[in-house]
Amino acid sequence: MSGLFVLAQKETRQNAVLFAVPAAIFAALVFIDLLHAPGIPGRYVDLLATALPVALAAAFGLQAFDAEENAQTKDFLLTKPVSPGQVVAVKYLVGLIALLAISVLGEIFLLPEAVRPPSLADYSTLWFYSYLFLVLVVHVACFAVAAYVKGPRKVLYGALFAVLAAGWFLTGFFGLLTALYHSFGDPGLWWSWAGIGLGMLLLLYLMAFFLKIATWSIHGVPAAWVRRSLLLFVAGLVFFPVGLQAAACSRQPAIRPFASLFRTFFGGEEWFVGTTAVKCPGKDLYALADDHGRLAIAVKGGRPELVYAGKKGESSPQGGKNEEYGSSLSSLAFSPDGRWLTFVEDEIVKAYDTQKKELVPVLQGDLAVWATDPKRMLVLRKEKNGNTYHLSVADFNRRVGIDLGAFDLAGLAVGWDAARERRLLLGPEGLLLFSLETKRSTLVPFRPALPGGLAITGGRILPPRRPDKPYRLVLFALPPGRKGFDAYLYDYDPVREVIEGLPPLRGLGYKELVFDPESREVLGHLGMGVYRVVAWKEETS
Amino acid sequence: MDSVIACRDLRKDYGRKRVLTGVDLEVPSGSVFALLGTNGAGKTTLIRIVLGLLPKSGGEIRVLGEEPYRFGPDLRQRIGYVSEEQGLYPWMTVRGIIGFCRSLYDRWDEEFVQRYLERFGLDRRARVRSLSHGQRVKLALILALAPRPGLLVLDEPMSGLDPLAQYEFLQVVVREISREGRTIFFSTHILADVEAVAERVAILHGGRIQACGTLAEVRGAVRKLRVRSEGGPSPSLGHVLAWEERGGIVLASAAGLSEVAATAEILGEEPASLEEAFVYFCARGRA
């Protein structure tokens, strides 16, 4: 160990000037930045702070063997009680530590906003780590090149190999991140660090490969060993990016926030992180809204295509585009024929015509409920007091709103049976039917009833496409003593006025579930706009 | 007899060029062994293989019982090396490079270092780049000997040294190493060095060992003959040193005297010097 320390000391002193010059440049930049020196725009400092680490990586890598070569001290060193691998490793590590120290410290002072803990939920934080990885890849590639190529030619070879190595690494790393996104959605801080850790392993493999190659250059290895080791390494080199990309492809979710993470990283594609989604009746089509008030439509297996940019896309009074994000969209719903996609934005119900690609404001309201009639929609506007809602019917044919009056709606979800002029209210015991004509209420109980001891947290009423088909009812409950939540499902037959139970979904850890009233397909939101198909097992109740 | 270095049919190729074509060699423990050869004979290649700095292309080699290419740091503790190009870090001071080497070895004879620094007049504060060639060789020798290695390998260490420096160098080698029963394996083309210190010698030529043994054995293997022959010089006479009309002086293998006698009349015979034996074996290797 002391031998390695002595070697490291020797390397540091041998390269002291080389390390000191960029450190001084960084220090000068920090000084300029702190002083806000006149005549030097901050963006130049930022640009230098961004470009310097890669430039340093190339410089440190390419000169790593120069001092030893120039002084012809290689044999002297290699005949000492240290292995060639140790000599190369120490040479590399000293350069690496100097590079990291100068780069990371420089970045902390000059671009503090870029240095943040990684988060898969905020992928912009991955910029810093990806860039850091890129710097390390360039360094190790140039280091290996310097072990073989002498003179000015090594700059050319260094650039070539750095590009190849960076391409290899980023392909694998983005494949890895994509697989993580697709598998876990928003897995939290631990997985974010795990992603960086796995990227580090990938980088270590590349480092091991290049350091081995560099060791061969100073030690000279029998050809058979080189061939054998090279075969193993090349197999690994091919396997990692291809394997990770394949893993990413094989784990593709039903809806993903991006098509290519690589393109999103370099601005070629924008993420769409859906936070709420709804299925189009009868089609493998989903509508999604994100936290920025934008609306998108995604085919199952694909990525969301933006159809409404929200307030952000609207013209501002000062001219140009409004760069502020709009408020969140709520109450997303498709009309039974799939033509209209309605949502509530700033207490106004709006309808997006999927055929004409137009947005139409409908009525003021907080909730929009479709029934089996594709031309009429129930709009609810919350009154100031308690659970009282003002109900209106929006008639899309006549383009008018029909006022139905105010009602007290204390329930888990509101539905509408347009064919029978009934308002539906979901409760823990069953479905309360209220005739808008007779003003009479009828409770249709669940069969079987919900188990006792559950904490019901919410519910949904999903209308069918035709009046004679059943509504699907969903109740969400927190089971005592278990993780996750359960979803209890029932089908309400509006003709026979009976409710029949379906197998429940238990122990769910999703942020949201997307149901289809006509099938057993359910999508679960893992977070980060990743929706996967939920396995719905048959149960005998 | 234990061998510190043992080679069997050792081969080394640089691409398509074969530099060592099958070296058989045994360096006994405790001997001072000289490897003689002309420039380009493959001495440095052989030494670099012995030190594990180069991989062999074929054959067998064992140094201190191990394949040198796989030497670990432990085995390297037992081997000292001084080359023609000493390869000392020019930016270090004498003190610094001594400290650097001392930190790498388990054993270090500081008293030896101090004694010979004084004897050679080397200032600890001096930078290596400020030392003369002779001083650097002496410093390299001190650094190689301070860990008390069992095997000292020298690659043409006295090339470029003035006679006084050569003398001092040899004094150290003889006093400090050979008397302690350690093994010295050195390459040279300066025959006077060999006769001064070596007990055993091998002549490397054309990538092959042409002769190997004690100094007396190598010298005795070649006879210097004064011959007369009506037919002029012929290959069967051996290596011709000088020839006039019907006679001359030739070098021939001691075992092949009868062959010479068959084609020429031997007028006189005397043992060959090491230089003559070297010339003979090199000429035979070329043939």
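Chain A is the first sequence line, chain B the second, and so forth, proteins listed ahead of strands; every chain is numbered from 1.
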Which residues in residues 231-241 of chain A have any heavy atom lying under 4.5 Å from a heavy atom of chain B?
none

Just verifying a value: how many Å separate A:Q72 CD and B:S83 OG, rounded to the nearest 0.5 Å?
9.0 Å

Return the CZ to CG distance between B:R48 and A:D75, rounded to the nearest 0.5 Å.
4.0 Å

Using non-hydrogen atoms only, which part of A:Q86 is less than 4.5 Å away from chain B: side chain, backbone, both, or neither?
side chain

Residue pair B:C101 / A:F76, side-chain heavy-atom distance below 4.5 Å:
yes

Please flag which part of B:L143 lies under 4.5 Å from any non-hydrogen atom of chain A: side chain, backbone, both or neither.
side chain

If you count heavy atoms of other groups shown closer than 6.0 angstrom to OH of A:Y157, is the number above 12?
no

Minimal non-hydrogen separation, A:P81 against B:Q77, with atom names:
CB-NE2, 3.7 Å

Nearest 0.5 angstrom please: B:S103 OG to A:L7 CG, how far?
9.5 Å

Return the CG to CG distance between A:L78 and B:L54, rounded to the nearest 0.5 Å.
10.5 Å

Going through the distances and angles, do B:I79 and A:T79 end up as a side-chain contact (heavy atoms from CB on, under 4.5 Å)?
CA-CA 8 Å; B:I79 302 172; A:T79 49; over 6 Å; no

Quick one: closest heavy-atom pair of A:L77 and B:F100, and the distance?
CD1-CZ, 3.9 Å

Heavy atoms of other groups near A:R13 CZ, more than 12 under 6.0 Å
no

Sub-4.5 Å side-chain heavy-atom contact between B:Y81 and A:K80:
no

Atom CZ of residue position A:F65 - does it have more than 12 heavy atoms of other residues, nucleotides or ligands inside 6.0 Å?
yes

Among B:G52, B:S57, B:G72, B:P73, which residue has the highest count of heavy-atom pairs closer than 4.5 Å to chain A?
B:P73

Under 4.5 Å from any heavy atom of chain A, what part of B:R70 do you find: side chain, backbone, both or neither?
side chain

Where along residues 87-98 of chain B does a heavy atom come under 4.5 Å of chain A, listed by residue number?
B:G87, B:L88, B:Y89, B:P90, B:W91, B:M92, B:I97

